[in-house]
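Take a look at the structure set out below.
Indexing begins at 1, ligand by ligand and atom by atom, following the structure's order.
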Amino acid sequence: MVNILDLLKVDSNQTMPDSYKQLTHEEMRERVLKIKKEMGTKLYIPAHHYQKNEVVEFADTTGDSLQLAQECAANKDAEFIIFCGVHFMAETADMLTNEKQTVLLPDLRAGCSLADMANIDQTEIAWDILQETFGDTVIPLTYVNSTAAIKAFVGKNGGATVTSSNAEKMINWALEQKERILFLPDQHLGRNVSHDLGIPLDKMAVWNQMTNEFEFEGNIEDAKIILWKGHCSVHENFTVENVKNMRKDMPGVQVLVHPECPYETVAEADFSGSTSYIIDMIENAPSGSKWAIGTEMNLVQRLMEQHPDKEIVSLNPNLCPCMTMNRIDLPHLLWSLDSIKTKEYKNIIKVDETTTKQSLDALNKMLEHV
Ligand code: 13P
Ligand code: SF4
C-alpha cells in the first residue's frame, strides 16, 4: 500500500537523470524484468498501440484508448500502474482506478497536441455562446483525447466521452438526448463519424475557438453537429494525394486509415477505424494482400514486422511518428520503475476529486455504451 508520507516526496517535474542514457539496452531490459518479477501483480503496465517495441515488450496489456480505459477500470490488484501512452490516457486511468492505486507516466512530456487544442476557458466561452444561440438543445461530447478539465466540463453538462471505436454509438446516444452535439476537440473524428451516420456535411458547423465564431455557410439554426476546430498533427499528414499516389504506385492496394485523418482522406480510403480495428483488419487479411495504412508509424512498422506475408506500407511515405508517444522509451520506463522501488515516485498523475467525479459522469456513460 502507498504511504501518504512517501507520496509527499514526489517532485513531479524532475526529469530523468543522464545516467540512464549510459546504460546498455540489455542492462535496462534485465533491470526492468527483475523489478517486474519482484512486484508481480502489484504492478500493471498498460501500453497503447503507438508505443515503441522496446516498451511494448514489457506491457501487461496493449490496446486502443477504449480497451486501455476498460482494463484499467477492471484492474483492482495493481498498486502501481505505469501508463505507457500519453498524458490524457494516464489521467483517464487515474480517474477510473481507486484511491489506493497510483498511476505514473514515465515522461511528463508525453502530451497530446490534439488534447491541447481545447482548454477549459475556451470551452466555457464557446458553451455560453452556444447556449445563447441554440438554447438548451446542445449536448457536449468529448473525444477521450482531451484534458480531465474538459471531460469534467462535459460530465457536468450531461455529456459523455467517446473513443474512435465507439464514437458512432455515442453520437447516436447523444442525438437521442438533445437536438445538437458540440463535439470536442477533434473535428475530423466528429465529421467522419457523423457523416457515416448519415448526417450531411451541410449540417455540420465548425466552432473556431481562436476567433469565437462559427464557420458555417447558411442558417446556423440548421447545424446539428458543432465541431471544435481541433485536429491531430500526425493524422493531418495523410492526404487525398497520398491515397491517389498509392493507388497508382501499388495497384490492388487497400487503404486503411484512422478516423482522425481529414474527411477527404477518409472518403478516398477503403476502410477507417480505431487502432484495434486497423490491427484486426491486417490480422484477418489474406497473405499477399497489399495495404497502405494511415496512422502512427510505430504501429505501422510493427504490423509490417508481424505480417511479412502481406505487403504493408505507410500511406504517407514520409514517416508520421507521434513525437509525444515516442517520449516513452525504455530508459524512462526503467526510471519510473526505479522510482517505485526507492519510493521517490516520479511523475504521478493525480486528478483532483471534483474533476474526477465530474469526469466519471462522462466516462461511465461511455463505458456503459460499449
Ligand atoms: P485509438 O483510440 O484508436 O487507439 O486512438 C488513440 C489516438 O490517440 C489516435 O491518435
Ligand atoms: Fe494525440 Fe495525435 Fe499523438 Fe494520438 S497521434 S496521441 S491524437 S498527437
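Using a 4.0 Å cut-off to heavy atoms of Glu260, the atoms of ligand 1 that qualify are 7 (C), 8 (O), 9 (C), 10 (O). Distances below 4.0 Å separate heavy atoms of Ser65 from the following atoms of ligand 1: 1 (P), 2 (O), 4 (O), 5 (O), 6 (C). Ligand-side atoms of ligand 2 in range of Ser113: 8 (S), range being under 4.0 angstrom from any heavy atom. Near Asp64, the atoms of ligand 1 lying under 4.0 angstrom from a non-hydrogen atom of the residue are 1 (P), 2 (O), 4 (O). The ligand atoms of ligand 2 that sit less than 4.0 angstrom from a heavy atom of Glu260 are 2 (Fe), 7 (S). Residue Ser274 approaches ligand 1 through these ligand atoms, each under 4.0 Å from one of its heavy atoms: 3 (O).
Comparing Cys232, Ser164, Ser165 against atom 3 (O) of ligand 1, the shortest heavy-atom distance belongs to Ser164.
Neither the backbone nor the side chain of Glu296 comes within contact range of ligand 1; no heavy atom lies under 4.0 Å. Of all the heavy atoms of Asn145, the ones lying under 4.0 Å from any atom of ligand 1 belong exclusively to the side chain. Within the 4.0 Å heavy-atom criterion, both parts of Thr275, backbone and side chain, lie near ligand 1.
For the pair Tyr50 and ligand 1, a heavy-atom separation below 4.0 Å is found. Taking 4.0 Å as the cut-off, Met325 does not count as a neighbour of ligand 1 on heavy-atom distance.
Less than 6.0 angstrom separates the ring centroid of Phe80 from the ring centroid of Tyr345. Taking the ring centroids of His188 and Tyr263, they lie at or beyond the 6.0 Å cut-off.
The shortest side-chain heavy-atom distance between Asn166 and Val162 falls under the 4.5 Å cut-off.
None of the N, O or S atoms belonging to Cys322 lies under 2.8 Å away from atom 1 (Fe) of ligand 2. Taking backbone and side chain together, Cys112 holds no N, O or S atom under 2.8 Å from atom 2 (Fe) of ligand 2.
Counted by atom type alone, Asp77 and Tyr44 present zero donor-acceptor pairs between their side chains at under 3.5 Å. For the 3.5 Å distance criterion, the side chains of Glu268 and Asn242 fail to qualify, holding no donor opposite an acceptor. Checking Asn326 against Asn298 by side-chain atom types alone, a donor-acceptor pair falls below 3.5 Å. Between the side chains of Glu311 and Ser289, no donor-acceptor pair is found at a separation under 3.5 Å.
In this structure a side-chain-to-backbone donor-acceptor pair under 3.5 Å is present from His48 to Tyr50. Thr356 places a side-chain N or O within donor-acceptor distance of the main-chain N or O of Val351, the cut-off being under 3.5 Å.
For atom 2 (Fe) of ligand 2, the closest non-hydrogen atom of the protein is Cys232 SG, 2.4 Å.
In terms of polar-atom proximity, His258 is counted as a contact of ligand 1, with an N or O under 3.5 Å from an N or O of the ligand. Annotation: Thr163 places no N or O atom under 3.5 Å from an N or O atom of ligand 1; distance criterion only.
The existence of a salt bridge linking Lys229 and Glu215 is confirmed by a sub-4.0 Å separation between a basic side-chain nitrogen and an acidic carboxylate oxygen.
In this structure, Trp127 and Phe153 have perpendicular ring planes: the angle between them is above 60°, well past the 30° mark.
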